[in-house]
Amino acid sequence: MKIATWNVNSLHARKERVIAFLEREKPDVLCIQELKCSDEKFPDTLFQDMGYHAAWHGQKAYNGVATLSRFPISFVEKGPEEFDPTFGSRVLITEIEDLRIINIYAINGQEVGSEAFQKKKAWFEQLKDYLLRCEASHTPTVLCGDFNVAPEELDVYDGMDRVKRLLVSPEERTWFRSITELGFTDGFRWLHPEEKSFSWWDYRELSFQKNRGLRIDFVLVSPPLQESLQTARMDREERKGEKPSDHVPVVVELDFHPQA
DNA sequence: ATGGCTACACCTTGTAGA
């Protein structure tokens, strides 16, 4: 199975790129974040015509997550009960046979110590509560999306201005670890323990050209899937050319076949 | 010290992103 996660920063603005990505990579599953699109405007027929089943949890202007799958989706849950609905459309659960896909878009947090930062903390606690309830560690589960945390120094460009501590603060890294400590393996890091490779670059200050990026997008897998990890990479090409998202897809291949 | 890009909305100015 080839599984990709991509924060597209507006599905409408990125439509052509998403189509081209699906045609080029042919992932079995694509988890999309930051749709910035209401449920009514989600282009489900477009994806149907391309051979993808889709589930989506949209919201006007902000947030929004969608999961596309070449396999039929047998279960859909939007923003499980653990999550405060005022935090926006940020979590979408789908099941493909015995495989559970948890597609997430973490709260950004705006500034360390701010009110939004406290919401980010609460959101991670809610995620942990949900993962415990659904016993994610004991079943084949993929937890992927935009975590808005760069968990290790290897995930941060050299010389980052640490006055701006958001995404790299010790607090946020603790929240990230509280999730991985449930038994999840970071697919990219597991396969590439020394590689400094990023999934996001700021639009400003020629950050991509200078490779001043962060790794904040992840495909995490539960223990039953860890040994099935085959390949993982950042689709860096997606940050080039006209109108890119500020994030690139993370693409992971698993030696796993969903079974009823 | 600030703003720097991009996208969206209550759309020429504010908000949020990361």
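Lettering follows sequence order; numbering is per chain, from 1.
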If the threshold is 4.0 Å, N to carboxylate O, is there a salt bridge linking A/Asp155 and A/Arg173?
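Here A/Asp155 does not pair with A/Arg173 in a salt bridge, since their nearest N and O are not under 4.0 Å apart.
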
Indicate yes or no: does A/Lys128 engage A/Glu125 in a salt bridge with an N to O separation below 4.0 Å.
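Salt bridge: no.
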
With rounding to the closest Å, how many angstrom separate the [atom1] atoms on [N] and [M]?
N	M	atom1	value
B/dT15	B/dC10	C1'	11 Å
B/dC8	B/dT12	C1'	14 Å
B/dA1	B/dT13	P	29 Å
B/dC11	B/dA7	C1'	12 Å

Tell me whether the side-chain N/O atoms of [X] come closer than 4.0 Å to OP1 or OP2 in [N].
X	N	result
A/Ser207	B/dC5	no
A/Gln110	B/dA18	no
A/His247	B/dA18	yes
A/Lys243	B/dA7	yes
A/Arg14	B/dA7	yes
A/Arg90	B/dG17	yes
A/Asn9	B/dA7	no

Rounded to whole angstrom units, what separation is found between the [atom1] atom of [X] and the [atom2] atom of [N]?
X	N	atom1	atom2	value
A/Leu214	B/dA18	CG	P	11 Å
A/Asn63	B/dT15	CG	P	17 Å
A/Arg204	B/dA7	CZ	P	14 Å
A/Tyr105	B/dA18	OH	C1'	8 Å
A/Phe147	B/dA18	CZ	P	14 Å
A/Tyr62	B/dG17	OH	P	8 Å
A/Glu34	B/dA18	CD	P	4 Å
A/Glu205	B/dG17	CD	P	19 Å

Out of [options], which nucleotide sits closest to the side chain of [X]?
X	options	value
A/Tyr203	B/dA18, B/dA7, B/dT6	B/dT6
A/Ala61	B/dA18, B/dA9, B/dA16	B/dA9
A/Lys60	B/dA9, B/dG4, B/dG17	B/dA9

Please determine which of A/Val248, A/Leu214, A/Asp246 meets the side-chain contact (heavy atoms from CB on, under 4.5 Å) test together with A/Trp201.
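Between A/Trp201 and the candidates, side-chain contact (heavy atoms from CB on, under 4.5 Å) is satisfied uniquely by A/Val248.
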
Is it the case that A/Arg233 places NZ or CZ above or below the six-membered ring of A/Phe188, under 6.0 angstrom from the centre and within 45 degrees of the axis?
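The answer is no; the distance or angle limit is not met.
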
Heavy atoms only, 4.0 Å cut-off, all strands: where does A/Ile216 land among base, sugar-phosphate and nothing?
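A/Ile216: backbone/sugar contact only, no base atoms under 4.0 Å.
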
Base, sugar-phosphate, or nothing for A/Arg165, non-hydrogen atoms under 4.0 angstrom?
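Contact class for A/Arg165: none.
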
5' priority, DNA chain B, between A/Asn148 and A/Ala13 [closest heavy atom]:
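Of the two residues, A/Ala13 wins.
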
Taking the nucleotide of DNA chain B with the closest heavy atom to each, which residue, A/Asp161 or A/Asn108, is nearer the 5' end?
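Between the two, 5'-proximity favours A/Asp161.
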
Do A/Ile216 and A/Leu154 share a hydrophobic cluster (ILVMFWY, side-chain heavy atoms under 4.5 Å, transitive)?
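A/Ile216 and A/Leu154: separate clusters.
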
Do the rings of A/Trp175 and A/Phe117 sit parallel, tilted or perpendicular, given the 30° and 60° boundaries?
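Tilted.
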
